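Scroll down for the structure; my scribbles are underneath it.
Since the structure is predicted, the reported quantities are computational estimates derived from the model, not experimental observations. We name chains A, B, ... by the order of the sequence lines, and we start the count at 1 in each one.
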Protein chains: 2
Amino acid sequence: MSRPPKTDPEPTVQDEAARAGWLYYVAGMTQDQIAAEMGVSRQRAQRLVSRAMADGLIQVRLNHRIGACMDLERALRDRYGLTRCRVLPGLGPGADPVPGIASAAAAELERFLRMPDPLVIGFGTGRALRGLVDAMEPLEAPQHRLVSLIGNIAPDGSASFFDVVMRISDKVRAPHYPMLVPVVSPDESLRAAFHALPPVQRVLELARTADVLFVGVGQMSNDAPLHTDGFVSSDELAQMRAAGAAGEVAGWVFDSEGRYLDFGINTRTGGVRVEPGLERPAIGIAAGATKVPAIRGALKSRILNGLITDSATAEALLAPA
Amino acid sequence: MSRPPKTDPEPTVQDEAARAGWLYYVAGMTQDQIAAEMGVSRQRAQRLVSRAMADGLIQVRLNHRIGACMDLERALRDRYGLTRCRVLPGLGPGADPVPGIASAAAAELERFLRMPDPLVIGFGTGRALRGLVDAMEPLEAPQHRLVSLIGNIAPDGSASFFDVVMRISDKVRAPHYPMLVPVVSPDESLRAAFHALPPVQRVLELARTADVLFVGVGQMSNDAPLHTDGFVSSDELAQMRAAGAAGEVAGWVFDSEGRYLDFGINTRTGGVRVEPGLERPAIGIAAGATKVPAIRGALKSRILNGLITDSATAEALLAPA
DNA sequence: TCGCATTGCGGGTAAATGCTCACATGAGAG
DNA sequence: CTCTCATGTGAGCATTTACCCGCAATGCGA
């Protein structure tokens with residue numbers, strides 16, 4: 001940019017690139033026309049155009065609220081090394097964020113379901129996953145296998161409320177493998193007994209090797225799903241929080257750095273936990289101010305390498321910790 | 001478009017086009033990649049991208065002052081004593097000059113809108129101003145007031161086609177003051193009656209004291225906007241031209257020296273006229289061979305002290321009269 | 001003046017793009 | 001209920017673009 005203020009005996013610098021870029025992007029001319037207009041070869045015109053781009057002479061902006069979301073996606077990807085990230089416009093404070101992100105989550109799942117090669121797809125549970133199911137289109141995908149990561153026996157012995165895997169299986173006609181163990185066993189030995197059953201072991205093995213994982217993220221505040229759904233008592237919740245618990249994925253509790261705790265309900269939680277740093281997609285579906293510390297932890301240790309959220313949550317996740 | 005029967009808040013609209021456009025222009029992905037990313041066919045991706053372009057969602061701006069244009073700017077400033085001048089590369093003869101200068105005009109307006117102190121900004125009308133609006137980025141600037149210089153009631157009683165002030169107001173969330181009088185009244189006494197109304201007087205006062213003015217420039221040739229938009233008849237146009245009319249700003253006609261005529265439609269034009277020699281910025285946005293005599297007149301008498309145009313028009317303005 | 005490396009140019013070519021043309025789907029009129 | 005129109009979609013194809021490769025010109029140190 002240190003051009004002397006002389007007149008035009010030197011008309012040839014990146015000025016030409018600017019002019020070529022102008023003609024290309026604004027006037028919509030083809031590179032052939034630009035070449036003719038400027039009296040140079042097509043190849044040179046092409047180089048000028050691409051140089052105008054590389055030098056940042058051309059500024060492209062998107063006049064749409066989606067634009068901000070796209071910028072947030074990129075920022076989240078960079079910050080947490082995500083392989084997949086989707087940010088949707090928030091519905092405003094106070095509104096339930098689940099409907100907004102559910103259809104995007106459903107679209108993401110459908111992308112995998114449409115793949116012809118058989119996949120094993122693992123699912124957590126929770127309201128976000130339930131929203132995903134509701135937003136899904138029925139779709140024939142019998143080549144895949146759907147497996148639950150989390151036990152689906154509630155404390156009272158019934159099947160768990162949000163039986164995500166079964167509902168998806170209904171919609172896509174794929175075989176499903178429920179995890180026939182309690183979400184949280186009363187004690188460690190009972191969990192071991194369940195896990196020792198051969199049918200359960202087969203499901204556990206399937207879940208551990210799943211090609212794709214879709215999970216929600218639970219917060220540890222007083223409205224923790226684990227608590228409101230009756231899996232932990234208020235006292236135990238408070239204890240775990242005092243010990244640093246920040247959130248949970250598939251019932252497994254971790255701290256603000258995303259490290260799994262080795263006490264509390266983690267000794268009694270059924271099913272498999274999502275290991276940090278997987279190469280396979282591990283996609284979190286979660287939004288809301290109260291979930292921010294939980295999501296941040298899961299992203300930091302790469303328990304999740306993909307995220308679907310809303311713009312307000314994305315901004316909070318990008319704010320300095 | 002297969003609409004999911006579910007209650008999606010905003011399932012899919014041109015949001016997809018915006019997303020595709022962002023991926024294409026900002027992220028630099030190929031249409032194949034976009035198709036894979038969004039789970040649609042390549043053809044659809046291409047359609048989305050081109051729609052994003054057609055809908056004006058994508059805005060391209062050039063961050064470089066081409067040497068030749070800078071020289072023209074300086075020459076125009078010197079010749080006509082302009083305080084602001086911006087010359088953009090022409091798009092070639094025959095091409096519509098409006099898109100080229102619109103984004104520069106939008107940038108100029110945005111500079112004023114970003115000022116924290118409240119301003120009163122006055123606007124004329126016409127295609128150039130309309131192009132400006134389309135090129136503008138949405139921007140929160142509620143501290144300013146936007147006022148129309150020109151009446152916005154068309155001959156048939158409808159609101160005028162290019163309701164610039166309202167559209168800008170939409171984009172920047174600033175209060176706006178339309179000029180509720182006919183662009184051109186049938187006779188002098190009717191104009192006086194309109195102007196005597198107290199609400200109109202308040203708007204007139206606001207318009208007279210506006211801190212910044214953005215206006216187009218109309219030519220008096222057979223394609224005069226005043227004529228094509230139905231405000232003057234062919235006969236009247238010819239009469240005025242015979243009497244020396246060279247152009248008009250905000251509906252007020254002047255001769256080749258920029259002196260306002262005191263007959264013809266000037267006795268019936270609503271709104272305020274831009275007085276020559278203002279200290280406050282009075283910025284004209286105009287380009288095209290047919291407008292050259294009009295622009296020259298407006299510059300000569302300093303009706304305008306700022307100009308945004310293209311290189312071809314700038315050269316014509318600098319040619320000896 | 002002579003290597004010798006660096007840079008820019010034109011040619012050629014594979015990939016990407018846009019465009020047109022049938023065909024499906026659905027709404028609305030008859 | 002059928003026909004028609006309007007809209008959207010996928011496929012094929014011509015055009016346009018991006019990239020790779022020799023070649024020549026220029027700059028530089030020996």
Original post:
If you measure from the Lys or Arg side-chain nitrogens to the Asp or Glu carboxylate oxygens, is any gap between B:Asp71 and B:Arg74 under 4.0 Å?
Top reply: yes
**OP:** May I have all residue pairs that pass salt bridge (charged side-chain N to carboxylate O under 4.0 Å, His left out) and include part of residues 92-103 of chain A, sequence neighbours excluded?
**Re:** A:Asp96-A:Arg127
**OP:** May I have the distance from B:Leu48 (atom CG) to D:dG8 (atom C1'), rounded to whole angstrom?
**Re:** 12 Å
Would you list the protein and nucleotides 10-16 of chain D atom pairs, both N or O, that sit under 3.5 Å from each other?
residue : atom : partner : partner atom : Å
D:dG10  : OP2  : B:Ser41 : OG           : 2.6
D:dG10  : O6   : B:Arg47 : NH2          : 2.9
D:dA11  : N7   : B:Gln43 : NE2          : 3.2

Subject >> Ion pair check, B:Arg61 and B:Glu108, cut-off under 4.0 Å >> reply: no
Subject >> B:Lys171 with B:Glu137: basic N within carboxylate O range, under 4.0 Å >> reply: no
**OP:** Take the protein atom CD of A:Gln46 and the nucleotide atom C1' of C:dG12, then report the distance between them rounded to whole Å.
**Re:** 14 Å
**OP:** Would you kindly give the CE-to-P distance between A:Met53 and D:dC19, to the nearest whole Å?
**Re:** 13 Å
**OP:** Take atom CZ of B:Arg51 and atom C1' of D:dT9, then tell me their distance rounded to the nearest Å.
**Re:** 15 Å
**OP:** Could you check if a side-chain atom of B:Val183 sits within less than 4.5 angstrom of a side-chain atom of B:Asn152, using non-hydrogen atoms only?
**Re:** no
Subject >> Set of side chain to side chain contact (heavy atoms under 4.5 Å, CB included) partners for B:Pro89, sequence neighbours left out >> reply: A:Arg19, A:Trp22, B:Ile66, B:Cys69
**OP:** Give the rounded distance in Å between these two atoms: CE of B:Met38 and C1' of D:dT9.
**Re:** 16 Å
